Chemist: 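Before I ask anything, let me first share the structure, which is written out below as structure tokens.
Quick caveat: nothing in here was measured; it's all calculated off a predicted structure. The chains referred to below are lettered A, B, ... by the order of the sequence lines, with proteins before strands, and numbering in each begins at 1.
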Amino acid sequence: DHDVAQYAQWLGDDALVLAQRLGAWISRAPELEEDIALGNIALDLVGQARSLLHHAGTADGRSEDDLAYFRDETEFRSSWLVEQPNGDFAATIARQLVASTYMHELYARLQHASEPTLAAIAAKAVLEVAYHRDHAVQWTLRLGDGTDESRRRMVAGLDAVWPYVDELFADTPLIDRLGDRAVRPSTLREPVLAALRDVLRQAGLAEPDLPPAPCGGRAGRHSEYLGYILAEMQVLARQHPGASW
Amino acid sequence: DHDVAQYAQWLGDDALVLAQRLGAWISRAPELEEDIALGNIALDLVGQARSLLHHAGTADGRSEDDLAYFRDETEFRSSWLVEQPNGDFAATIARQLVASTYMHELYARLQHASEPTLAAIAAKAVLEVAYHRDHAVQWTLRLGDGTDESRRRMVAGLDAVWPYVDELFADTPLIDRLGDRAVRPSTLREPVLAALRDVLRQAGLAEPDLPPAPCGGRAGRHSEYLGYILAEMQVLARQHPGASW
Amino acid sequence: MTTTTEAPPRDDQQVFDALIEADSRVEPRDWMPDAYRRTLVRQISQHAHSEIIGMQPEANWITRAPSLKRKAILIAKVQDEGGHGLYLYSAAQTLGASREDMLDQLHAGKARYSSIFNYPARTWADMGAIGWLVDGAAICNQVALCRTSYGPYARAMVRICKEESFHQRQGFEILLALSRGTEEQHQMAQDAVDRWYRPALMMFGPPDAESPNSRQSMAWKIKRVSNDELRRRFVGMCVPQFEALGLTMPDPELRFDEETGQWEPGPIDWDEFHEILAGRGPLNAERMRRRRAAHDEGAWVRDAAAAYARKQTERPAPAGASNHKEVAA
Amino acid sequence: MTTTTEAPPRDDQQVFDALIEADSRVEPRDWMPDAYRRTLVRQISQHAHSEIIGMQPEANWITRAPSLKRKAILIAKVQDEGGHGLYLYSAAQTLGASREDMLDQLHAGKARYSSIFNYPARTWADMGAIGWLVDGAAICNQVALCRTSYGPYARAMVRICKEESFHQRQGFEILLALSRGTEEQHQMAQDAVDRWYRPALMMFGPPDAESPNSRQSMAWKIKRVSNDELRRRFVGMCVPQFEALGLTMPDPELRFDEETGQWEPGPIDWDEFHEILAGRGPLNAERMRRRRAAHDEGAWVRDAAAAYARKQTERPAPAGASNHKEVAA
């Protein structure tokens with residue numbers, strides 16, 4: 001079904017692009033435990049991306065790799081949030097906090113969706129993203145309530161991602177068509193923001209007072225970062241079209 | 001002539017890769033004057049790369065863009081020095097100091113080479129790289145003799161590039177075959193190092209005590225950075241093979 | 001209307017008024033009303049900031065330019081924008097503003113820049129659309145400003161206009177190559193002009209009826225042509241060029257007014273304009289973050305240069321150091 | 001040969017000697033000669049450092065892996081290496097070494113790591129060659145170390161060996177896919193094994209005749225098999241696998257010794273080995289710089305975690321903060 005395939009690309013591309021970002025941390029993290037933790041999160045996300053893109057591809061006979069490596073930028077459906085750069089560790093944690101809280105609420109609902117494959121993928125993913133969220137929450141508390149410097153950086157990290165939170169909750173005609181086969185993004189706004197505010201409160205951090213940016217990732221209108229991400233991700237596969245690996 | 005073409009690729013690829021690195025500074029420099037200065041240097045280097053690669057391509061009917069955009073990594077002939085990352089401003093200045101000093105000595109001699117096109121390109125380039133060298137020298141003095149922090153960063157920047165100085169002076173059978181059509185790299189070692197030491201002395205900086213790294217850029221064996229550089233540089237051109245721009 | 005802190009001696013104001021009346025130039029040493037000075041500082045620094053922020057969307061494509069020739073042209077263009085920023089900051093400095101203060105205002109989010117740079121440059125064709133449409137609109141504004149009443153600003157504009165018209169031509173050439181290229185390239189060009197055309201029209205500012213500041217600026221001859229008139233001139237210039245490019249003008253309601261002999265654009269979504277002005281554009285936060293990051297991360301470099309300069313004046317220069325020419329401040 | 005600071009009570013040394021003699025395990029609480037302890041700390045921490053530095057060449061390809069399956073496998077592999085580093089630092093900690101000190105030694109350039117990671121990973125095929133040859137050589141070493149006399153080290157080796165043999169198989173599979181792929185892919189695979197085979201042979205260390213430290217380690221049963229013997233075992237393992245891969249073994253002087261029934265590699269350029277050990281490899285400086293940068297740039301994060309932990313113990317935890325599980329130290 002073409003609509004389900006589109007929706008699976010929303011979720012799959014978010015997972016894939018975020019995995020790509022996190023993958024760049026490995027061997028560069030502040031401590032060995034974080035090389036492993038961020039690697040683990042990236043690995044879960046690649047796994048989710050594979051399931052989702054595989055499912056998306058069944059609609060028109062494309063493989064997960066056809067979708068990952070041979071779509072151009074405008075064909076991607078990732079949100080601007082996950083395309084944002086790693087920045088320092090605090091910026092990455094801020095992005096993780098928002099992304100994992102969103103994904104957790106999303107998959108918790110999607111596991112009850114009427115589309116069985118999406119529901120099954122979500123049922124597995126929700127357990128993984130619960131861990132991702134715990135990881136981000138712990139670090140938000142540590143950085144928010146650690147040293148002056150960590151607090152300053154955590155505030156800057158939250159400011160950097162906050163304009164891109166709103167995009168995650170935008171409904172589209174696709175969502176109307178999908179009905180109970182998908183999760184309506186607007187229904188996630190309240191629980192996600194409530195969960196985020198709760199963490200910020202515990203960490204002694206204020207919610208950033210920044211207006212949302214109009215984005216458009218779900219319609220293929222991306223941040224200026226995605227082009228660079230795809231150039232790197234796809235370079236080898238595209239150098240050898242048709243090859244097996 | 002195939003040998004001249006190879007040699008022109010040595011020089012052209014150095015200029016192109018270094019321009020690519022410097023181009024990434026524009027709109028990110030410490031002050032507006034440096035956005036302009038680094039942009040100006042990048043522009044000169046793109047110009048030199050175009051002349052050199054155009055000349056190289058005449059040997060087998062390829063255009064400058066065929067060479068820049070459609071050669072794979074192992075076909076590039078750049079040195080490891082120019083492939084090194086920008087790092088902070090001091091690292092860039094350290095790389096510029098070495099690269100421009102080397103290029104200046106090289107082009108000063110090459111303008112008298114018996115190969116007329118190379119000589120003509122060199123006669124123009126030597127004036128440009130003299131400016132690049134002045135720029136790097138001035139900043140080396142300022143950073144070396146500025147604040148404690150700038151000195152610490154300048155020392156780290158020099159350490160980062162020093163292992164890659166030696167590669168610039170390596171002769172190869174190609175150089176033997178070219179004779180007085182090219183400049184023998186080994187003849188540049190003494191004047192380049194003397195000029196560098198003179199600047200370091202003025203800046204109150206010690207010559208790094210680091211062993212040279214065996215590189216191999218002139219034989220197509222590159223640092224781990226070049227793959228990333230080319231992925232970004234070539235992505236658009238390769239997405240549209242055969243297109244005109 | 002002017003709100004000077006002290007009432008000027010009657011003859012100063014008269015001399016100023018006579019200068020304006022006579023279409024002469026006001027120069028830095030001339031007496032001028034405070035409000036005139038403040039208006040100019042605000043306008044010139046805003047113009048300078050626009051050049052600086054405007055470097056970002058184009059700089060993003062320098063490393064990916066699809067031919068070496070285009071790469072060279074793009075570097076030169078972005079570099080020119082930096083140069084324009086410098087002239088303009090200098091012009092504002094003749095009015096007593098310091099560059100540091102102006103930059104601080106920008107970084108603190110208190111000074112505006114042209115909101116068009118808060119749209120992303122998504123594809124290579126955007127390099128064409130920005131050059132042709134955005135610089136084109138800028139030129140319409142700036143040509144009028146070449147006759148502005150403040151001398152240093154007018155002279156900066158003359159110099160900038162010359163370079164901008166190169167940029168506009170280069171933008172046109174990029175689009176022409178794409179439009180005449182492969183199907184995909186043509187589509188890329190059409191998509192880019194579809195996205196940049198409306199924002200370019202908004203660059204002339206709100207309709208005259210809703211632009212109260214304009215009236216005083218017109219009276220002072222800082223501004224010489226109204227927003228709507230400049231917009232119409234721009235649209236008129238675009239019509240034949242779209243045709244030459246073989247691209248469709250993304251304004252189905254465009255019409256030729258037989259009476260005035262001018263092209264009239266269809267209605268413009270001013271809500272979007274006000275959203276972006278209010279900081280809710282796609283990249284408002286992003287552009288500012290990158291600008292601040294460059295400034296903050298460069299602080300140690302500027303400190304080092306200042307410390308070095310101080311040391312050089314405090315002690316006799318060593319023999320060897322004097323023969324290097326000064327390249328950057 | 002042992003150089004203890006104090007002469008041990010006669011029975012301690014005798015108990016230790018008897019343990020070794022009996023092929024039993026020495027445990028952290030057991031008395032052991034200082035030199036035995038120092039040798040182990042040096043060897044185990046060096047092994048841990050190798051895992052950490054060894055993450056770099058492979059991490060460079062995570063973002064460029066040519067299929068999602070390969071990307072997942074590569075992430076898991078690099079992550080395993082981090083995990084091995086953790087086990088090994090823990091094993092060394094049982095001997096009284098602190099992880100911080102060991103890392104400081106690494107960052108100060110005073111501790112070694114396997115010099116093979118100072119070669120660049122140039123192509124995707126290097127992910128195959130590193131997995132198959134480098135991890136393969138490591139396994140030959142490590143299988144022998146599963147019987148090493150120090151208990152915690154032996155147990156860490158058992159666990160690591162299991163994971164390494166996965167990695168080796170995955171490396172083989174990468175190369176097999178390339179070797180059977182397009183002409184270019186096959187060439188990429190051959191080129192990678194051409195570059196990594198010799199360095200892998202050098203991983204077993206200098207020839208027995210030139211390896212004086214080995215003798216004491218053998219006596220202590222820290223080391224159980226000699227360098228040359230391990231190298232021969234590895235070569236013997238490679239011969240049929242190269243054949244299965246359809247790749248040429250880059251050793252024209254390789255010969256089968258009918259008498260011993262073993263494959264003998266051609267002569268090895270030990271000068272290159274010593275150059276790299278002495279810091280003159282292609283990427284010695286690069287690997288260390290990246291390691292130090294990660295550590296230095298992460299200092300504020302570790303400080304924040306420590307400050308937060310301190311605050312948590314100093315004050316009663318707020319009600320809401322207690323229900324979050326601890327994920328990372």
Chemist: Please classify the contact between D:R122 and chain B as side chain, backbone, both or neither, with a heavy-atom cut-off of under 4.5 Å.
Modeler: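 Both parts, backbone and side chain.
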Chemist: Between B:G216, B:P212, B:C215, which shows the greatest number of heavy-atom pairs under 4.5 Å with chain D?
Modeler: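 It is B:P212.
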Chemist: How about B:S78 and B:D14: does a side-chain donor come under 3.5 Å of a side-chain acceptor?
Modeler: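 There is no such pair (donor and acceptor under 3.5 Å, judged by atom type) between the side chains of B:S78 and B:D14.
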Chemist: Please look at B:E167 and chain D and tell me whether the side chain, the backbone, both or neither of the residue comes under 4.5 angstrom of a heavy atom of that chain.
Modeler: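 Contact with chain D is absent: no heavy atom of B:E167 under 4.5 Å.
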Chemist: So which part of B:Y164 gets closer than 4.5 Å to some heavy atom of chain D, the side chain, the backbone, both or neither?
Modeler: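 For B:Y164, the side chain is the part near chain D, not the backbone.
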Chemist: Check whether NZ of the Lys or CZ of the Arg B:R21 lies under 6.0 Å from the centre of the six-membered ring of B:Y225 and within 45 degrees of that ring's axis.
Modeler: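 Yes, a cation-pi geometry.
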Chemist: Would you say the ring centroid of D:Y89 lies under 6.0 angstrom from that of D:H47?
Modeler: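 No: the rings miss the under 6.0 Å criterion.
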Chemist: Does the B:Q234 side chain pair with the main chain of B:A68, one donor and one acceptor, at a distance under 3.5 Å?
Modeler: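 Between the backbone of B:A68 and the side chain of B:Q234 there is a qualifying donor-acceptor contact (under 3.5 Å).
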Chemist: With respect to chain B, which residue among D:P282, D:A121, D:A293 yields the maximal number of heavy-atom pairs within a distance under 4.5 Å?
Modeler: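 Greatest number of close heavy-atom pairs with chain B: D:P282.
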Chemist: Which bit of D:A285 is near chain B, if near means a heavy-atom gap under 4.5 Å: side chain, backbone, both or neither?
Modeler: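 The side chain, not the backbone.
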Chemist: If we ignore angles and hydrogens, is there a donor and acceptor under 3.5 Å between the side chains of D:T123 and D:D126?
Modeler: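 On atom types as modelled, these side chains qualify, holding a pair under 3.5 Å.
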Chemist: Looking at B:R218, B:R77, B:R71, which hits salt bridge (Lys or Arg N to Asp or Glu O under 4.0 Å) with B:D13?
Modeler: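 Option passing the salt bridge (Lys or Arg N to Asp or Glu O under 4.0 Å) with B:D13: B:R71.
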Chemist: For D:N284, is it the side chain, the backbone, both, or neither that has a heavy atom closer than 4.5 Å to a heavy atom of chain B?
Modeler: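 No part of D:N284 comes within 4.5 Å of chain B.
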Chemist: Identify which part of B:P163 has an atom lying under 4.5 Å from any heavy atom of chain D, answering side chain, backbone, both or neither.
Modeler: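 The answer is the side chain of B:P163.
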Chemist: Is it the case that the side chains of D:R291 and D:H107 hold a donor-acceptor pair, with the cut-off being a distance below 3.5 Å and no angle test?
Modeler: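 Looking only at side-chain atoms, D:R291 and D:H107 do form a donor-acceptor pair, the distance falling under 3.5 Å.
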Chemist: Establish, yes or no, whether a centroid distance under 6.0 Å links the rings of D:F242 and D:W132.
Modeler: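 D:F242 vs D:W132: aromatic centres under 6.0 Å.
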Chemist: Give, as side chain, backbone, both or neither, the part of B:W162 having an atom under 4.5 angstrom from any heavy atom of chain D.
Modeler: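 Neither the backbone nor the side chain of B:W162 comes within 4.5 Å of chain D.
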Chemist: Given heavy-atom pairs under 4.5 angstrom as the criterion, report whether the side chain, backbone, both or neither of B:A160 touches chain D.
Modeler: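 Looking at B:A160, backbone and side chain both touch chain D.
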Chemist: For D:R195, is it the side chain, the backbone, both or neither that has a heavy atom under 4.5 Å from a heavy atom of chain B?
Modeler: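 No part of D:R195 comes within 4.5 Å of chain B.
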